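What follows is one structure encoded as structure tokens, with my remarks underneath.
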Amino acid sequence: MKTCRATGAGWACDRSSDRYSFTRGLCRTHYAQERRRGALAPIDPGKASAEGRECGFDGCGRAVSASGLCVGHYQQHRSGRPLAPLPAKRENGAVRQMVQLGVVECLHCREHKPVSEYSRLNASGAPRPYCKPCNAERVRLGHYNLTKESVGLLLLLQEGKCAICGAPSPDEGAMHIDHDHACCPGKRSCGACVRGLLCNRCNFGGLGWYEGLPPELRTFELLNRYLSDPPAKRLRAERSRPSAA
């Protein structure tokens, strides 16, 4: 653990960290002071950066990124999810040891799988932190600006069924994510226009054809009900509603 050496009359910098690099024994703020004017002064707490501070989530220990939280917990906060413990970080050299053994733990599903179940991260041949199925699912959710938690909540709201025909689904990965193409044409979505989870038949064989009809021919009440009040819209409204004190 490194500690900043900046001191003065009646004060001493208390910043210490094993995550940040110290230059000439100084934290980044005091090093910047020294370079600008040479004299070191106490850091104003109101203007202090996140350097050297730990995440406000109890027991996290990661460095602060914004709003007193680390990157992972700040993302949870921004998305409206309750703060929860993050997966433990791997120690230095852990991946190298697993590769030598031929079995690597996926950071998503937490299963130990052969190295062949992972795509290469770069030219060095290092495996990606997620196995091929989990990495594909992360990419898919990224296209719609969704998280696994939000899709799980949506499937729970739909009672594990297709939002249109009610066909049961084994898990969210087997469902197609439907979004309003009038908002985001193509296969990507801003996330705010996601409408629901659909089975393959409804997503490709039913809804796409129906939306292509002239307005006067769209008289099927089941589809009109889904399009006017999709489950994802209700979920977003519920999550944005202030909780009772």
Side-chain angles (χ1 to χ4, degrees), residues 57 66-67 69-87 106-111 128-213 218 220-244:
F57 183 78
S67 298
L69 299 171
C70 66
V71 173
H73 283 118
Y74 180 67
Q75 290 175 346
Q76 290 180 356
H77 171 70
R78 278 288 304 273
S79 62
R81 291 175 286 161
L83 298 185
L86 300 174
C106 172
L107 285 182
H108 190 70
C109 65
R110 292 293 170 178
E111 293 184 15
R128 290 184 178 275
Y130 310 102
C131 64
K132 292 177 181 178
C134 288
N135 191 63
E137 180 65 3
R138 286 173 60 85
V139 171
R140 182 177 82 111
L141 296 182
H143 286 170
Y144 296 94
N145 277 297
L146 296 175
T147 63
K148 181 176 175 62
E149 291 81 6
S150 61
V151 173
L153 288 173
L154 183 55
L155 188 64
L156 186 64
L157 178 65
Q158 296 180 194
E159 298 180 347
K161 304 174 184 177
C162 170
I164 293 179
C165 70
S169 172
D171 57 70
E172 62 263 25
M175 301 289 273
H176 293 272
I177 301 172
D178 170 50
H179 76 282
D180 187 356
H181 288 257
C183 175
C184 297
K187 297 182 178 181
R188 292 178 177 268
S189 165
C190 62
C193 60
V194 169
R195 296 186 293 205
L197 303 175
L198 306 179
C199 66
N200 183 70
R201 182 177 58 182
C202 288
N203 188 54
F204 291 108
L207 190 60
W209 167 81
Y210 188 75
E211 287 189 287
L213 293 175
R218 299 180 197 170
F220 190 19
E221 183 59 28
L222 178 65
L223 291 177
N224 288 340
R225 208 163 45 237
Y226 168 77
L227 292 173
S228 63
D229 189 27
K233 178 182 177 182
R234 300 198 301 271
L235 180 62
R236 287 192 292 270
E238 181 181 329
R239 296 178 71 179
S240 62
R241 191 179 302 124
S243 57

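Because the structure is a prediction, the values reported are computed rather than measured.
- No donor-acceptor distance shorter than 3.5 angstrom exists from the side chain of Tyr144 to the backbone of His179, with no hydrogens or angles considered.
- Using a 4.5 Å cut-off on side-chain heavy atoms (C-beta onward), Pro231 and Tyr226 make contact.
- Rounding to the nearest 0.5 Å gives a distance of 7.0 Å between CG of Asn203 and CG of Leu207.
- Summarising the local packing, NZ of Lys132 is surrounded by more than 12 heavy atoms from other residues, nucleotides or ligands at distances under 6.0 Å.
- Using a 4.5 Å heavy-atom cutoff, the side chains of Arg140 and His143 are not in contact.
- Side-chain atoms of His73 come within 3.5 Å of backbone atoms of Ala84 as a donor-acceptor pair (strictly under, hydrogens ignored).
- Summarising the geometry, atom OG belonging to Ser169 is positioned 13.5 Å from atom CD belonging to Glu159; distances are rounded to the nearest 0.5 Å.
- Remark: Glu211 CD to Asp178 CG distance equals 7.0 Å, nearest 0.5 Å.
- Asn145 places no side-chain N or O within 3.5 Å of a backbone atom of Ala192 that could act as its donor or acceptor partner.
- The distance from atom CG of Leu222 to atom SG of Cys165, rounded to the nearest 0.5 Å, is 8.5 Å.
- Here the side chain of Arg201 pairs no donor or acceptor atom with the backbone of Gly206 at under 3.5 angstrom.
- Put simply, the side chain of Ile177 reaches to within 4.5 Å of the side chain of Leu141, judged on heavy atoms.
- With a 4.5 Å cut-off on side-chain heavy atoms, Met175 and Cys162 count as touching.
- At least one side-chain heavy atom of Phe204 sits under 4.5 Å from a side-chain heavy atom of His176.
- Applying the 6.0 Å contact sphere to CZ of Arg234 captures more than 12 heavy atoms from other residues, nucleotides or ligands.
- Between the CZ atom in Arg236 and the CG atom in Leu154 there is a gap of 9.0 Å [rounded to 0.5 Å].
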*asked:* With side-chain contact (heavy atoms from CB on, under 4.5 Å) as the criterion, how do Phe57 and Leu86 come out once you've worked through the C-alpha distance, each side chain's angles and the decisive distance to 0.1 Å?
replied: CA-CA 10 Å; Phe57 183 78; Leu86 300 174; over 6 Å; no

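- Taking CG from Leu69 and CG from Leu83, the interatomic distance works out to 6.0 Å, rounded to the nearest 0.5 Å.
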